[in-house]
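Below you'll find the structure, written out as structure tokens, and then a few comments.
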Amino acid sequence: MTVIDFKNASVDFPIYNAGGRSLKKRLMQVATGGQISADGQGRVIVRALEDLSFEFSEGECVGLVGHNGAGKSTLLRVLSGVYSPTEGEVSIRGAVGSLIDISLGIDQEATGRENIYIRGALLGLSRRKIDAALDNIIDFAELGDFIDMPVRTYSSGMHLRLAFSVSTIVRPDILIMDEWLSVGDEGFKQKAESRMSELVSSSKIVVIASHSKDLILNMCNRAIWLEHGRIRMDGSASDVCSAYFGG
Ligand SMILES: Nc1ncnc2c1ncn2[C@@H]1O[C@H](COP(=O)(O)OP(=O)(O)OP(=O)(O)O)[C@@H](O)[C@H]1O
């Protein structure tokens, strides 16, 4: 059973090179971002997430909404295993696949083919699995002979085709995204869209952060509104969208 369970989870970032008292005071009043405070030694702390408790179960596609700095990306990173909570507990049952930064790990000097192995390893795929998927990835990317050229010779669209083709080969239980990926020229975009839909429908739980009301309404059946790191509202996508976006 795939399930995500947060119990009073918080994430703090200690900031070692923040300025003096006046800076702290000024920052505490800004409308964006997490909450800023100081610890016993006067060190500045940004509390990106505070006291989050919720459970996501199979069949849920959850949209995260909120102002800039509300904590959406931090929450996605906790779900992807990049950050651990500084307080509280997070338990995740199921394999997690993250499409947060599809270009992460791509080496400009290595060829497209070599980068498929590098990126695949970062996605947690074994060499055998990458070997088995290699032809599919190369065909999908449609880079022709450029697949054996260093990535530094690629245009930005070609780079994204490669990153997309390898990153979407995974079929995780839990899919984490910070936007709906739509890459390439017109022809490629259509293929990419259908691969994204396939990936979403084969995942048991999907979590996506977005500033787009249409995306959340079209895709999600639940949404969480974060405000300064706290849950302001957790409910159906339509209720949360009406409250957050208005209309
Ligand atoms: N590595 C970090 N070090 C220090 N503070 C951080 C770090 N990452 C995030 N923060 C802080 O945590 C808070 C939440 O940031 P986060 O990136 O999660 O927001 P977000 O909701 O994704 O914002 P946006 O909509 O602008 O992408 C912000 O105040 C940000 O300054």
Side-chain angles (χ1 to χ4, degrees), residues 4 6-54 56 61-90 92 96-105 122 174-183 205-220 222-235 237 240-241 243-246:
I4 296 171
F6 274 54
K7 281 198 179 73
N8 310 104
S10 299
V11 172
D12 287 338
F13 293 108
I15 313 294
Y16 294 96
N17 53 352
R21 285 177 76 91
S22 60
L23 172 69
K24 280 178 227 161
K25 257 194 169 159
R26 190 153 49 84
L27 286 173
M28 272 186 245
Q29 283 155 24
V30 296
T32 55
Q35 303 162 52
I36 297 177
S37 58
D39 67 5
Q41 294 107 53
R43 198 173 47 166
V44 174
I45 309 266
V46 175
R47 172 151 279 208
L49 295 176
E50 182 167 75
D51 200 24
L52 300 192
S53 294
F54 55 77
F56 297 160
C61 179
V62 185
L64 302 179
V65 297
H67 60 78
N68 288 136
K72 302 176 297 293
S73 307
T74 306
L75 178 50
L76 294 178
R77 292 197 179 111
V78 174
L79 290 166
S80 310
V82 178
Y83 297 147
S84 301
T86 27
E87 279 168 38
E89 278 172 42
V90 170
I92 296 173
V96 178
S98 169
L99 295 184
I100 291 181
D101 183 359
I102 60 166
S103 290
L104 191 76
L122 279 173
I174 299 167
L175 181 66
I176 308 294
M177 301 193 279
D178 58 358
E179 60 185 317
W180 178 264
L181 292 176
S182 173
V183 299
I205 296 177
V206 179
V207 186
I208 180 163
S210 179
H211 291 286
S212 158
K213 180 182 180 180
D214 288 345
L215 177 70
I216 304 272
L217 282 176
N218 288 335
M219 226 186 113
C220 304
R222 177 174 169 184
I224 288 185
W225 173 3
L226 289 174
E227 197 172 69
H228 302 291
R230 293 190 216 106
I231 293 180
R232 164 92 185 254
M233 187 175 175
D234 179 354
V240 173
C241 280
Y244 176 68
F245 294 103

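Scope of the values below: all heavy atoms of this structure, side chains included, with no hydrogens, waters or symmetry mates. Start at 1 with the first residue, then count along the sequence. Whatever order the structure lists ligands and atoms in, that order sets their numbers, starting from 1.
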With side chains defined as the heavy atoms from C-beta onward, is the minimum distance between Leu64 and Leu75 less than 4.5 Å? yes

Where ligand 1 meets [X] - atom numbers and elements under 4.0 angstrom, heavy-atom basis:
| X | result |
| --- | --- |
| His211 | 25 (O) |
| Asn68 | 23 (O), 24 (P), 25 (O), 26 (O) |
| Val46 | 11 (C), 12 (O), 29 (O) |
| Tyr83 | 1 (N) |
| Ile15 | 4 (C) |
| Ala70 | 19 (O), 20 (P), 21 (O) |

Is there a heavy atom in Gly71 that sits closer than 4.0 Å to ligand 1? yes

Looking at ligand 1, does Arg77 have a heavy atom less than 4.0 Å from it? no

Would you confirm whether Ser210, through its side chain, and Glu179, through its main-chain N or O, come within 3.5 Å as a donor-acceptor pair? no

Under 4.0 Å between a side-chain nitrogen and a carboxylate oxygen: does that hold for Lys7 and Glu87? no

Whether Glu227 and Arg232 form a salt bridge (side-chain N of Lys/Arg under 4.0 Å from carboxylate O of Asp/Glu) is what I want to check. yes

If you take the nearest heavy atom of each of Ser73, Ala209, Gly69, which one is closest to atom 13 (C) of ligand 1? Gly69

Where do [X] and [Y] come nearest, in terms of heavy atoms and distance?
| X | Y | answer |
| --- | --- | --- |
| His67 | Tyr244 | N-OH, 3.5 Å |
| Pro85 | Ala9 | CB-CB, 4.1 Å |
| Arg222 | Phe56 | NH1-CD2, 3.6 Å |

